[in-house]
There are 2 protein chains.
Amino acid sequence: MTVSKTAADAAKVSRPVAGQDLDASSDDGLLQLGELSGLLGYSLKRAQLRVFEDFLRCVAPLQLTPAQFSVLLLLDQNPGRNQTEIANTLGILRPNFVAMLDALESRELCARMRSASDRRSHILVLTDKGRAVLARAKKLVANKHEARLIELLGPESHAALLEMLAKIAREF
Amino acid sequence: MTVSKTAADAAKVSRPVAGQDLDASSDDGLLQLGELSGLLGYSLKRAQLRVFEDFLRCVAPLQLTPAQFSVLLLLDQNPGRNQTEIANTLGILRPNFVAMLDALESRELCARMRSASDRRSHILVLTDKGRAVLARAKKLVANKHEARLIELLGPESHAALLEMLAKIAREF
DNA sequence: CGACGTTTGATATATCGGATAACAATTATC
DNA sequence: GATAATTGTTATCCGATATATCAAACGTCG
């Protein structure tokens with residue numbers, strides 16, 4: 001879709017805002033975010049992107065994404081669970097969880113084992129390597145990632161932030 | 001990639017956690033999020049998904065996504081800007097912004113007009129319809145969406161949350 | 001002026017997360 | 001024992017995101 005209109009053709013567009021020419025091409029300077037700054041969803045998304053970006057940097061030596069880290073953590077704290085249970089509590093759809101597990105399993109961080117009591121389901125277990133990687137990842141996250149966040153916000157604000165986000169995720 | 005291991009084949013996996021059989025298949029009850037709840041990135045993402053979901057519901061009558069709403073808002077507050085400027089301040093890559101604008105323009109919410117001073121760039125303008133839709137959207141967002149959030153958190157916590165998220169987006 | 005590099009919008013394309021439908025194997029229900 | 005439900009899986013689609021490349025238009029500078 002190409003455009004043929006010119007600035008002089010401001011027919012239906014109207015309101016060239018008196019004293020604001022379409023050719024005053026450069027008011028250099030940052031654009032006004034305006035009411036956007038008051039939109040919680042906007043700041044939320046922006047902050048989330050930054051935090052994930054930093055998470056990736058901090059844990060880069062272990063080549064773990066936030067999602068993969070969360071799977072390992074959950075497996076460690078909930079042994080004997082199958083794919084559906086783990087995927088559900090992380091909000092991952094079962095079909096999408098398959099490839100994720102394939103990746104983790106191919107790196108020998110976890111393993112699927114057929115349950116003897118229900119031969120449909122796969123019991124998920126961390127391997128020793130998986131536990132080792134998780135332990136190193138936890139340290140990197142705590143010392144490099146979360147530490148920086150706490151330093152930025154202050155410990156009490158950080159705790160309050162966590163509390164509010166959890167509340168939103170839970171009750172909103 | 002299929003799996004042939006059985007639970008009895010827990011060779012290298014080890015630590016079946018004494019007293020925790022792989023066949024105790026159902027400890028029904030919610031899984032332990034554990035240290036995941038302390039991970040800011042995790043709560044951040046979860047909260048963001050909830051908030052966007054609610055945003056979509058609230059503004060559904062106008063068929064606007066959060067990204068589209070942010071574009072309209074930005075256009076309104078920064079007239080006379082071109083695609084690159086708007087896309088950059090929203091963190092949208094120029095190639096991806098093209099289709100977004102096509103969609104908004106096909107609905108006659110905004111228009112691209114060739115600048116007389118630089119015939120490469122398109123000056124973006126809200127149409128009257130665009131301004132009308134934006135006005136309605138702002139009301140829906142304020143009265144239905146943000147209002148619910150403020151009710152949940154309380155006004156002062158809501159403000160503090162906004163402040164912290166902005167700080168993360170800005171300084172982290 | 002004219003060659004050269006840059007910028008702008010656009011196209012094509014790749015990747016990734018997320019969603020649905022469908023299937024075989026297995027289990028549960030009646 | 002027939003039927004329904006569950007588990008893991010595949011295929012597929014959609015949306016957001018990322019890069020390379022292009023033509024047209026600009027800026028610079030010899």
Side-chain angles (χ1 to χ4, degrees), chain A residues 1-7 23 25-26 28 41-42 45-46 48-50 52-53 56 63-71 80-88 90-105 110-124, chain B residues 1-7 23 25-26 28 41-42 45-46 48-50 52-53 56 63-71 80-88 90-105 110-124:
Chain A
M1 184 186 298
T2 30
V3 174
S4 55
K5 299 175 190 135
T6 76
D23 298 1
S25 41
S26 41
D28 282 334
Y42 181 77
K45 173 107 190 210
R46 276 294 168 90
Q48 186 258 317
L49 289 176
R50 285 280 177 114
F52 269 43
E53 200 183 328
L56 281 174
Q63 285 284 91
L64 284 182
T65 67
Q68 290 174 325
F69 177 73
S70 71
V71 170
R81 298 300 187 157
N82 63 25
Q83 297 185 197
T84 299
E85 292 171 315
I86 298 295
N88 279 344
L90 287 178
I92 301 173
L93 294 173
R94 277 70 80 218
N96 298 331
F97 195 47
V98 173
M100 251 192 99
L101 272 186
D102 287 349
L104 292 176
E105 201 176 21
C110 71
R112 317 183 217 219
M113 314 205 306
R114 303 219 87 102
S115 159
S117 64
D118 183 344
R119 290 168 46 203
R120 290 171 299 182
S121 64
H122 292 164
I123 301 301
L124 298 181
Chain B
M1 186 184 298
T2 28
V3 174
S4 53
K5 297 173 195 139
T6 77
D23 296 359
S25 44
S26 39
D28 280 335
Y42 180 76
K45 174 110 190 205
R46 276 292 169 93
Q48 186 257 316
L49 290 176
R50 286 279 178 116
F52 268 45
E53 200 183 327
L56 280 175
Q63 285 284 91
L64 285 182
T65 67
Q68 289 174 325
F69 178 75
S70 71
V71 169
R81 300 299 187 156
N82 64 25
Q83 298 186 195
T84 299
E85 292 173 313
I86 298 295
N88 279 344
L90 287 177
I92 302 172
L93 293 173
R94 277 68 81 217
N96 299 330
F97 195 47
V98 173
M100 251 193 96
L101 272 185
D102 288 348
L104 292 176
E105 201 175 21
C110 71
R112 318 182 217 219
M113 314 205 306
R114 304 219 87 101
S115 159
S117 64
D118 182 346
R119 291 168 46 202
R120 291 170 299 181
S121 63
H122 293 162
I123 302 300
L124 298 180

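Letters A, B, ... are given to chains in the order of the sequence lines, protein chains preceding strands, and every chain is numbered from 1. Below, each value reflects all heavy atoms present in this structure, side chains not excepted, and no hydrogens, waters or symmetry copies.
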Checklist entry - Given atom CD1 of A/Ile92 and atom P of C/dC16, what is their separation to the nearest angstrom? => result 16 Å
Checklist entry - Between A/Gln83 and D/dT6, is there a side-chain N or O to OP1/OP2 distance below 4.0 Å? => result no
Checklist entry - Does B/Thr84 make a side-chain N or O approach to OP1 or OP2 of C/dT7 shorter than 4.0 Å? => result no
Item to check | For atom CG of A/Leu93 and atom P of D/dC14, their distance in whole Å | outcome: 17 Å
Item to check | Close side-chain approach of A/Thr65 and A/Phe52, heavy atoms under 4.5 Å | outcome: no
Item to check | Phosphate-side-chain proximity, A/Lys45 and D/dA16, N/O vs OP1/OP2 below 4.0 Å | outcome: no
Checklist entry - Taking atom P of D/dG15 as reference, at what distance in whole Å does atom CD of B/Glu53 sit? => result 17 Å
Item to check | B/Arg81 CZ to C/dT8 P, straight-line distance once rounded to whole Å | outcome: 12 Å
Checklist entry - Whole-Å distance between D/dT9 P and A/Leu124 CG? => result 9 Å
Next on the checklist: Without decimals, in angstroms, what is the distance between B/Asn82 CG and D/dA25 C1'?
Outcome noted: 13 Å
Checklist entry - Between D/dC26, D/dA18, D/dT9, which one does the side chain of A/Pro95 approach most closely? => result D/dT9
Next on the checklist: Quiz question: by atom type and distance under 3.5 Å, do the side chains of A/Asn82 and A/Arg120 form a donor-acceptor pair?
Outcome noted: no
Next on the checklist: From C-beta outward on A/Val98, which listed nucleotide comes closest to its side chain: D/dT9, C/dA10, C/dT8?
Outcome noted: D/dT9
Checklist entry - Between the side-chain atoms of B/Arg120 and the base atoms of C/dT7, is any donor-acceptor pair under 3.5 Å? => result yes
Item to check | side chain to side chain contact (heavy atoms under 4.5 Å, CB included) between B/Ser70 and B/Leu90, intermediate numbers included | outcome: CA-CA 8 Å; B/Ser70 71; B/Leu90 287 177; 3.7 Å; yes
Checklist entry - Between D/dA24 atom P and B/Arg114 atom CZ, what is the distance in whole Å? => result 12 Å
Checklist entry - So which one's nearest nucleotide on DNA chain D is more toward 5', B/Gly91 or A/Ser121? => result A/Ser121
Next on the checklist: Using a 3.5 Å distance criterion without hydrogens, assess whether the side chain of B/Arg50 forms a donor-acceptor pair with backbone atoms of B/Lys45.
Outcome noted: no
Next on the checklist: In whole Å, I'd like the distance from the CG atom of B/Leu56 to the P atom of C/dG18.
Outcome noted: 15 Å
Item to check | Side-chain (A/Arg114) to main-chain (A/His122) donor-acceptor, under 3.5 angstrom | outcome: no
Checklist entry - When all nucleic acid strands are considered with a 4.0 Å heavy-atom cut-off, which category describes B/Arg94: base, sugar-phosphate, or nothing? => result nothing
Item to check | Pairwise 5' ranking along DNA chain C for A/Arg119 and A/Thr65, keeping only the more 5' one | outcome: A/Thr65
Item to check | Distance-only donor-acceptor test (3.5 Å): side chain A/Asn96, base C/dA19 | outcome: yes
